[in-house]
Amino acid sequence: MAVTVEERIGKLREQIRYHNHRYHVLDDPEVPDAEYDRLVRELRALEDEHPSLVTPDSPTQRVGDTPVSAFGTVEHRLPMLSLDNAFGEEELRDFHRRIVERLDLGESAADLEYAAEPKLDGAAVSVMYESGRLVRAATRGDGTTGEDITHNVRTIDSVPLTLRGAAYPDLLEVRGEVFMPKEGFETYNRRAAEAGEKTFVNPRNAAAGSLRQLDPRLTAARPLDMYVYSVGVVEGGELPDTHSDTLLRLAEWGLKTCPDSDVVAGVEGCLGYYGRIGARRSTLPYEIDGVVYKVNSLRLQRDLGFVSRAPRWAIAHKYPAQEEMTVVKGVEFQVGRTGALTPVARLDPVFVGGVTVSNATLHNIDELHRKDVRRGDTVIIRRAGDVIPEVVSVVKSRRPRGARAVQLPVRCPVCDSRVVREEDEAVARCTGGLFCSAQRIESLKHFVSRKAMDIDGLGAKVIEQLVTLDRVKTPADLFSLTGEELLELERMGEKSVENLLAAVEKARSTTLPRFLYALGIRDVGEATAQSLARHFGGFDALANATEEALQAVPDVGPVVARRIVEFFAEPHNTAVIVELRARGVEWPETEPAATPPEAGPLTGMTVVLTGTLSSMTRDEAKQKIIDMGGKVTGSVSKRTKYVVHGDKAGSKLSKAEELGVETLDEAAFLDLLSRS
Ligand code: IVH
């Protein structure tokens, strides 16, 4: 029987909605993107031919093309409440105690069920469905009156335009948080920065700002998502009698709920949940500022009721803030191992992200100037997870009069040598080399570090003392340290001296790659040191190699080759090496690798690895790529040949897609390997 246009359109819409739900709500797509695109194209074509059949709930109608001139207002029929906060365990216990007393729970207090959820850091939104169709979306506003943002919320792919199934209430208001996932936030900001456009300070501002666009096409271009966490008005239908079952029901109707919610028992259960989510906070794909506990039984919720603007049956348990304000006492320049000057803001100590922070890096001089941090400025400091604290921005309105911009010093703040900045380089450097005690200290720290000579027990404090006393001028001096002089140092007792001497002794027998890496030749990292050692076999062949010969080593380009030659041409470098060998530092030498690897399928190509592969470790994958003649680097650029992605691949994958670089999943990568 012939299918009518109406029937075909209906069928296509149904299929597209199904796949939308799989993709955007369940994160579990069933068909490849190309198949989905075909369905959408067919539907669009039919709707173009038959404009009278277009309906507002058609999946093609998410993004309207007419900006609104102003936001209308929406009265919330039930007020949108806020939550009280608990800033520590005591305040949480007080909350639980109040509930137990009010409900007269007695013995069963420890069993009281709470629904526990992450407290998402975005914008609260109400979405109204009439007969299963999205008719209105609004901001929270002052809780009574919000702004009509229907045109923008419709563009969020995970918000269904029509509910699934049939058993939903005639009128259903759902409430939840619109947010920008961390990855989308980073990609968005990177692109905006590249295009010279305004970037967002954090995902919360990004979400709120995106919802307040008059032109829905702008909102549609923002990577927004929404998790539903409660209901408002419900008419003509029944809901379950616990909060957690209500969320499950909402999910059945196609709404997206947070996958990290749980049901816990009593205050101890709450604390356990707080700890579990806290441990995952920095790796969750979305930003949170706490968790929320809600008495799970809706009957008990009704018994407890409200005080002013917040329910008695729920509380937000906050994590330490990841952003705080403080004042810059000064901006100083730190000198690194290679002489690079890094501007550092010295701060009035501030408690942020669970620790007290008194310094924040500004990375380099361009960053310093871009953020324009000055002495006396009030700044926002951010410390998320284990990431080093950074200055997010300056609160310009609080800048003291007469505060002057920070200039790059002309002379090294440590040794007074000249500071130079090579053209095209973001970094400025002290030219003092090992004359500069800062560079000496940093070089020694590198020399003894785990992946280099691995001298355990020689910490920063000991090195600083040895350099300041002028007892250690070069790494070779480390091998003539005596027990007596080490005992003189602060923080060094008999046992630590004994351990340190044993570690020095052990380090005398090392390997060529470790030794090369320990020398700290600029741009010669661990991997390059390994390639050099494999290629030349022995130290002298390498030290005497020409730039040309060096460039035959996989991984070594013209810049690195020049740095190696320059390093060995410097008499004080060779003198230190001679001395190290005289003090007994040695390593086994091997035959040079016969010939450079045969031209393999990846010769001359650069590959980036991201995420976890299930069939091999990162190092094994790297070795296989090198064996095939390829080179592995850490960042994706237009010159990257392939991005190999495993599980939990991050921004490198999106970067590849953005640049049009070919991506290989694990199966495709294994296939490539099998062809070698
Ligand atoms: S429940 C009556 N659950 O926190 C309870 N709120 O200060 C109303 N929020 O405006 C809110 N995640 O924007 C609830 N899982 C969650 C939440 C959550 C974030 C926000 C919401 C609200 C604010 C309350």
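Whatever order the structure lists ligands and atoms in, that order sets their numbers, starting from 1. Values reported hereafter were calculated over all heavy atoms of this structure, with side chains retained and with hydrogens, waters and symmetry mates removed.
A side-chain contact (heavy atoms from CB on, under 4.5 Å) with S158 holds for exactly one of L224, D225, V228, V178; it is D225.
Under 4.0 Å from ligand 1, the heavy atoms of V292 that appear belong solely to its side chain. Using a 4.0 Å cut-off between heavy atoms, E177 contacts ligand 1 through its side chain alone, with no backbone atom that close. Residue-level proximity to ligand 1 for S230 is absent, since no heavy atom of it falls below 4.0 angstrom.
Here the protein heavy atom with the shortest distance to atom 12 (N) of ligand 1 is L120 N, 3.1 Å. What sits closest to atom 8 (C) of ligand 1 on the protein, heavy atoms only, is L81 O, 3.8 Å.
Close approach to R140 involves these atoms of ligand 1, each under 4.0 Å from a residue heavy atom: 10 (O). For ligand 1 and P311, the ligand atoms under 4.0 Å from any heavy atom of the residue are 2 (C). Taking every non-hydrogen atom of P118 and a distance limit under 4.0 Å, the qualifying atoms of ligand 1 come out as 12 (N), 15 (N).
For atom 15 (N) of ligand 1, the nearest non-hydrogen atom from the set H243, M80, E117, R175 comes from E117. Distances from atom 14 (C) of ligand 1 to the heavy atoms of F179, W313, Y229, Y293 show the closest one on Y229. When the heavy atoms of N85, V125, V291, L83 are ranked by distance to atom 5 (C) of ligand 1, first place goes to L83. Distances from atom 1 (S) of ligand 1 to the heavy atoms of K119, K294, R204 put K294 nearest.
Using a 4.5 Å cut-off on side-chain heavy atoms (C-beta onward), E183 and S654 make contact.
The backbone N or O of Q213 lies less than 3.5 Å from a partner atom in the side chain of N152, making a donor-acceptor pair. At distances below 3.5 Å, not a single donor-acceptor pair connects side-chain atoms of E197 with backbone N or O atoms of A192.
Of all non-hydrogen atoms in P29 and Y23, the two that sit nearest each other are CB-CD1, 3.7 Å.
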(request) Might you work through the side chain to side chain donor-acceptor pair (under 3.5 Å) test for E117 and Y229, ending with a clear yes or no? (result) CA-CA 8 Å; E117 303 165 357; Y229 53 61; over 6 Å; no
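Using the six-membered ring where Trp is involved, Y319 and Y274 have ring planes that are parallel, under 30° apart on the 30 and 60° scheme.
Taking the six-membered ring for Trp and the full ring otherwise, Y129 and Y168 have centroids separated by 6.0 Å or more.
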